Amino acid sequence: MAKKDDNFIMLPTVDVCFKGLMYNPKVRKGFIAALLKADPASVRETILLPTALRQEYPDEKLGILDVRTMMEDGAQINMEMQVESFKHWDARSLFYLSKMYTEQLNKGDSYEKLKKCIHVSILDFVRFAEDDTCYRTISLCDEQTGKRYTDLLELQILELKKLPKELQSDNEVIRWMRFLAGKTRKEFEEMAGTSEYIEEAYRELERMSADERARLEYEARQKAIRDHDAIMKSAWENGLESGMKQGLEQGRQSIIQKMLDNGASPEEIRGLTGATQEEVEKAQNEAAREL
């Protein structure tokens, strides 16, 4: 039987761990207050909502486990942890934000019922390589004036890979990012001293890490992601190898064709290129068909 690692601690970048942290009301309150740039005391209620979108798209089971909350005033925030970039990520984020916004209305409801919706993406990869900004807010604006068109739709993007190694900042979101990007118990302990809400997140992290069932779920999730990555990598390498082989074959066939066009004999071609009799005959037949 394997010896239990007493120093084991879950990493928030694993989505099931992040989701577990956000299930803690105090942790959720502190993080949301930071995102809203508000005093945590003013965030009186954050209700967890079912993430029905996840069930509609089973092919995304290795994608993102999100946390969807409703505020006291009806505004909604959807938070997700994503560790790897994938194609159409931007379109997917907009889809989730738009879906969250439109689902507020039932048939016959007035547009006045629509409340603000925020989609928060916590990325463990670099999305905007052209700058060093690690935290940005995106909203609908007039291209000419830069004036905001509406505050009802908003994207917040946190790029953990862009956090400087040494960062002194009073920005509460940056502090949360540093905690979420932590890799060791020491790093989590250091961040726990910066805020009572981050301290609660560290305590919750310890509780989850000590829970056998939660740990098994965490490890199963890690294995599923590793297996998925290995399959994707293998498919890429096999495809690349196949493509290179096909490219080499096409390249050699082109050389044989050009040598025939310049009057080289089949014997000369085989001697200079190492081509087989079949390859030379194939090029000769293709040349004959083109005449």
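Please read these numbers as outputs of a predicted model, since none were measured by experiment. Along the sequence shown, residues are numbered consecutively beginning with 1.
One finds no salt bridge joining E217 and K19 here, because no Lys/Arg side-chain nitrogen approaches an Asp/Glu carboxylate oxygen to under 4.0 Å. The existence of a salt bridge linking R221 and D15 is confirmed by a sub-4.0 Å separation between a basic side-chain nitrogen and an acidic carboxylate oxygen. A salt bridge links E103 with R68; the closest basic N to acidic carboxylate O contact falls under 4.0 Å. A salt bridge links E206 with R185: the distance from a Lys NZ or Arg NE/NH1/NH2 to an Asp or Glu carboxylate oxygen falls below 4.0 Å.
Cation-pi check for R127 over F125 is not met; the charged atom does not lie both under 6.0 angstrom from the ring centroid and within 45 degrees of its normal. Cation-pi contact between R28 and Y23: absent, since separation from the ring centre below 6.0 Å together with deviation from the ring axis within 45° is not met. Relative to the ring axis of Y197, K26 places its NZ or CZ within 45° and under 6.0 Å from the centre.
Ring to ring, F188 and F179 are close: their centroids are under 6.0 angstrom apart.
Using a 4.5 Å cut-off on side-chain heavy atoms (C-beta onward), Y96 and N78 make contact. Residues M22 and M81 are not in side-chain contact: their nearest non-hydrogen atoms beyond the backbone lie 4.5 Å or more apart. Put simply, the side chain of R136 reaches to within 4.5 Å of the side chain of E159, judged on heavy atoms. Counting heavy atoms from C-beta outward, Y101 and K116 have side chains that stay 4.5 Å or more apart. A 4.5 Å side-chain heavy-atom check between S121 and L155 finds every atom pair outside the cut-off. A 4.5 Å side-chain heavy-atom check between T13 and K183 finds at least one atom pair inside the cut-off.
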